[in-house]
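All values derive from a computational prediction rather than experimental measurement.
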Amino acid sequence: MLAVLLPNLFLFPSAARAATPTLDLAVELDPATRRLAVQADLSPAARDYRFELHEALEVTAATAGGKPVAVRPAGRHGFIRTWQVALPPAAERLHLEYAGTLPALDRTLDHRDVVQGLSPVASAEGSFLPSGGGWYPRPAALFAYNVTLTVPGNQRALVAGRLKSEELPGDGSDRYRARFEFAQPADGIDLMAGPWVVREKMMPRASTEPVRLRTYFFPDLDAIPGLAEGYLDDSQRYLERYGKEIGTYPFTEFSVVASPLPTGFGMPTLTYLGADVLKLPFIRATSLGHEVLHNWWGNGVYVDFAQGNWSEGLTTFMADYAYKESESAEAAGAMRLGWLRDFAAVPAGDHQSLADFRSRTHGAAAAVGYGKAAMLFVMLRDMIGAEAFRSGIRAFWQSQKFRTASWSDLQAAFERASGRSLEAFFKQWINRAGGPAVRITAADVRHTAGGARLTLAVEQNAPAYALHLPVQLVFPDRAEMRWIDVDKARQAVTLDVAAMPTGVRLDPELQVWRLLGQEQLPPILRQWVIARNPYLAQASAAADVREASVALAQRLFEVSPHAIAPGEITKGSGPVLLAGLHADVDAALERAGLPPRPERLAGRGSAQVWTVAVPAGPPVAVVSARDAESLRALLRPLPHYGAQSWLVFEGARLVERGVWPAPAPLIPVRGAP
Ligand SMILES: [Zn+2]
């Protein structure tokens, strides 16, 4: 339907805007009794109008053109009931009144329950009426709205949109009332209420209205020194950054709202994050920017879910990944390795294409929807250049603002910006599941008049991908990066070089989405966590140390480990955990013929953990501690660091962590001097 409207939108923007139906709601919510009463006024898209309401809500009045109309049941699915009303010929506006007692907030829910449950819930400690929860009649797929919220004076409430007016309790009223307007076409309304303390800061903008920044924090959260101010300042920083990078922030408010549940939602003009999450020190540096950016991607340009969700990948690329890039090249490289490592861990049968990605429901989907999609943008920028990429982003925003867009709209924007066809690129990365397994099988060099010519034999599994691949040329005194293009299962690529390289490495910095070889996957603790057949080797004899080691192994492994003698560890048939006191661990490693304690860990902290890749035999992870108490201190923190290869702890506090480097194999160049 939108596609049909496009020519009109272009020629008659005001007429098209008038076509967006508006929903007016007057909402009264008493969180303590969970009573919700709503008056709704709307112009339905069809005269035979069907709408959905939660089963807890009963329609108490319905009129059209001032006359009562009949509302009839028309089916149900789950907790949602569908209602039907026929508008009389002359009437345009429908007035509905409905009320009921909402389900209670269940604090034992986790994020997934909340995302999947979608039922509106209320309580004095917090209420959440999600857009899909059937708490308002939806006039059309996209609609504008005006919402007036009334709650008891000790509560505050909001929906996404511009705050038009606000009445605080006092002056004869013991209520809080706020009126919001969302003038752009929205695809739903989320309502939140809670016993919040509200803080505000105005962010000036040169060419347009200021942005009202707010925190809605529970009193104990608000009381943490500097926390609310920090969120206001950082929100401003992100809004300014993305305003410059993409285009003017399309709204006039941005609020950080505390949830009693461990949720993380980005909505237009606000983010709704669990109060416990908001306390975590790294959230302001990562998740906040990600959620701010969703005001452009997802809530500013909508996702055509039928064709795959592009917004998580673009948001991850321009937020999480961009922050790593500005930190250091190593940090960005570690994030790319993380994506490829997660992808390598997905069984081939579970591979999904980007076109099929809707949202994060399980790890395999996240590896594609976040990792592969973000890497697509890394590869695209490498291919068309940073300048064309930047103008493509800006053009996509300008042309798709408040519209529903798909991967093909992104493709069109980047094609215009770069002046080249990106059909093959988008087609393979969006429509194909999995990724290429590509390798250099031989490298030969011979002298030419002007220097030397290098010939690379490049192979990949059929059907071949068209790949723009970085190749590192290694010379005795330096290294140099060159790019090659391949699109066949077996292909010879020639490069003219000034001097004779001694070796080459394919994509050593992991800039291309692909299936990594085993040698490029550093051993990380997750391999032990998920091991089906793990072993525990006790390096020490002392009873308290052995007891702590068993407890630790049971915490770390998802299944109970078999016992194995320290002298036998290279003979286990699954990942081995070697645990004990420092001197005993050193002796056990030596007896087993394994590499000694890594230098960068020796003598540090009260406990050290590291993984060892054993060339022939099961992988070994080592936990080495000063005493039994230092081992026991790891019980709580250790399982949280599955993505790491090594850790240093002081008591239960992590001091340092890291992933072992896993360099791309060096392919020797034949014919080199
Ligand atoms: Zn996101």
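Across all non-hydrogen atoms, the minimal contact from G298 to V303 is CA-CG2, 4.4 Å. Taking every heavy atom of both residues into account, Y302 and A186 meet most closely at OH-CA, 3.8 Å. In plain terms, the two heavy atoms of Q428 and A466 that are nearest each other are NE2-O, 2.7 Å. The nearest pair of heavy atoms linking P130 to P120 is CD-CA, 3.7 Å. Nearest heavy atom pair, residue A228 against residue F217, reads CA-CE2, 3.8 Å. Taking every heavy atom of both residues into account, I283 and L273 meet most closely at CG2-CD1, 4.2 Å.
Taking the six-membered ring where the residue is Trp, the centroids of Y231 and Y216 are separated by 6.0 Å or more. Between W513 and F343, the ring center distance clears the sub-6.0 Å criterion. Checked against a 6.0 Å centroid threshold, the rings of W297 and F317 do not count as neighbours. The ring of F182 has its center no closer than 6.0 angstrom to the ring center of F143. Aromatic rings of F251 and F402 (six-membered ring for Trp) have centroids within the 6.0 Å cut-off, being under it. Outside the 6.0 Å centre-distance limit, the rings of Y323 and Y321 are not counted as a close aromatic pair.
Put simply, the side chain of L376 reaches to within 4.5 Å of the side chain of L354, judged on heavy atoms. Residues V257 and W196 are in side-chain contact: their nearest non-hydrogen atoms beyond the backbone lie under 4.5 Å apart. Contact check for R162 versus T269: no side-chain heavy atoms found under the 4.5 Å cut-off. Counting heavy atoms from C-beta outward, M375 and R514 have side chains that stay 4.5 Å or more apart. Side chains of M202 and P210 form a contact here, defined as non-hydrogen atoms less than 4.5 Å apart. The side-chain heavy atoms of P31 and S127, taken from C-beta on, include a pair separated by under 4.5 Å. Looking at heavy atoms from C-beta onward, L53 lies in side-chain contact with V59 at the 4.5 angstrom threshold. The shortest distance between side-chain heavy atoms of L25 and V38 falls below 4.5 Å.
Ring planes of F389 and F377: perpendicular class, angle over 60° (limits at 30 and 60°). The aromatic rings of F51 and Y49 sit parallel to each other, their planes meeting at less than 30°, with 60° as the upper class boundary. Ring planes of W310 and F396: perpendicular class, angle over 60° (limits at 30 and 60°).
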Worksheet item: Where do Y370 and W339 land on the ring pair (Phe, Tyr, Trp, His ring centres under 6.0 Å) test, with the steps shown first?
Response: CA-CA 8 Å; Y370 290 71; W339 296 337; over 10 Å; no
Fill in: side-chain hydrogen bond (donor to acceptor under 3.5 Å, both in side chains) assessment of H468 paired with D485
CA-CA 5 Å; H468 186 56; D485 291 285; 2.9 Å; yes
Practice prompt. Report the C-alpha separation of W397 and Y242 in whole Å, then their side-chain angles, then the decisive distance to 0.1 Å, and conclude whether the ring pair (Phe, Tyr, Trp, His ring centres under 6.0 Å) test is met.
Written response: CA-CA 11 Å; W397 169 246; Y242 292 119; over 10 Å; no
Worksheet item: Given M379 and V512, is the side-chain contact (heavy atoms from CB on, under 4.5 Å) satisfied, shown in steps?
Response: CA-CA 6 Å; M379 294 188 289; V512 175; 3.9 Å; yes
Worksheet item: Going through the checks in order, is the salt bridge (charged side-chain N to carboxylate O under 4.0 Å, His left out) test met by E245 and R241?
Response: CA-CA 6 Å; E245 220 170 303; R241 170 186 180 140; 3.4 Å; yes
Practice prompt. In sequence, state the C-alpha distance, the side-chain angles, and the governing distance for T404 and D187, and then conclude on side-chain contact (heavy atoms from CB on, under 4.5 Å).
Written response: CA-CA 10 Å; T404 302; D187 61 0; over 6 Å; no
Item to complete: Apply side-chain contact (heavy atoms from CB on, under 4.5 Å) to the pair S235 and L288, showing each step before the final yes or no.
Response: CA-CA 7 Å; S235 297; L288 179 64; 3.9 Å; yes
Item to complete: Determine, step by step, whether E291 and T315 satisfy the side-chain contact (heavy atoms from CB on, under 4.5 Å) criterion, reporting the C-alpha distance in whole Å, the side-chain angles of both residues, the deciding distance to 0.1 Å, and the verdict.
Response: CA-CA 8 Å; E291 299 304 342; T315 303; over 6 Å; no
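Applying the 6.0 Å contact sphere to NZ of K427 captures no more than 12 heavy atoms from other residues, nucleotides or ligands. For Q84, the CD atom sits in a packed shell: over 12 heavy atoms of surrounding residues, nucleotides or ligands are nearer than 6.0 Å.
To the nearest 0.5 Å, atom OH of residue Y145 and atom CZ of residue F180 are 9.0 Å apart. K324 NZ to R336 CZ: the interatomic distance, rounded to the nearest 0.5 Å, is 12.5 Å. Expressed to the nearest 0.5 Å, how far CZ of F414 lies from CZ of F425 amounts to 9.5 Å. Of the inter-residue distances, the one linking L42 atom CG with L94 atom CG reads 5.0 Å to the nearest 0.5 angstrom. Rounding to the nearest 0.5 Å gives a distance of 14.0 Å between CD of E200 and CE of M203. Distance OG/S131 to CE/M267: 7.5 Å, rounded to 0.5 Å.
Judged purely by atom type and a 3.5 angstrom limit, R47 has no side-chain atom pairing as donor or acceptor with the backbone of V85. Judged purely by atom type and a 3.5 angstrom limit, S406 has no side-chain atom pairing as donor or acceptor with the backbone of Q307. The main-chain N or O of D356 is found under 3.5 Å from a side-chain atom of Q352 such that the two form a donor-acceptor pair. Of the possible polar contacts, one joining the W135 side chain to the I189 backbone as a donor-acceptor pair under 3.5 Å is found. For R205 (side chain) and E209 (main-chain N/O), a donor-acceptor pair under 3.5 Å exists by modelled atom type.
Checked options T148, L149, L129; the residue passing with V27 is L149 (criterion: side chain to side chain contact (heavy atoms under 4.5 Å, CB included)). Paired with T150 under the rule side chain to side chain contact (heavy atoms under 4.5 Å, CB included), one option of E167, R179, R177, Q155 passes, and it is R177.
Between R199 and E229 there is a salt bridge, since at least one side-chain N of the basic residue sits less than 4.0 Å from a carboxylate O of the acidic one. No salt bridge links R93 with D41; every basic N to acidic carboxylate O contact stays at or beyond 4.0 Å. Taking a cutoff of 4.0 Å between a charged side-chain nitrogen and a carboxylate oxygen, R175 and E28 qualify as a salt bridge. A salt bridge does not link K372 with E312: every distance from a Lys NZ or Arg NE/NH1/NH2 to an Asp or Glu carboxylate oxygen is 4.0 Å or more. Using a cut-off of 4.0 Å between Lys/Arg side-chain N and Asp/Glu carboxylate O, E166 and R214 are scored as salt-bridged. Using a 4.0 Å cut-off between charged side-chain N and carboxylate O, K244 and E240 make no salt bridge. Salt bridge D409/R403: absent, no basic N to carboxylate O contact under 4.0 Å.
R212 forms no cation-pi arrangement with F254, by the criterion of a distance under 6.0 Å to the ring centre and an angle within 45° of the ring axis.
Side-chain atoms of D233 and Q236 form no donor-acceptor pair, as typed in the model, at a separation below 3.5 Å.
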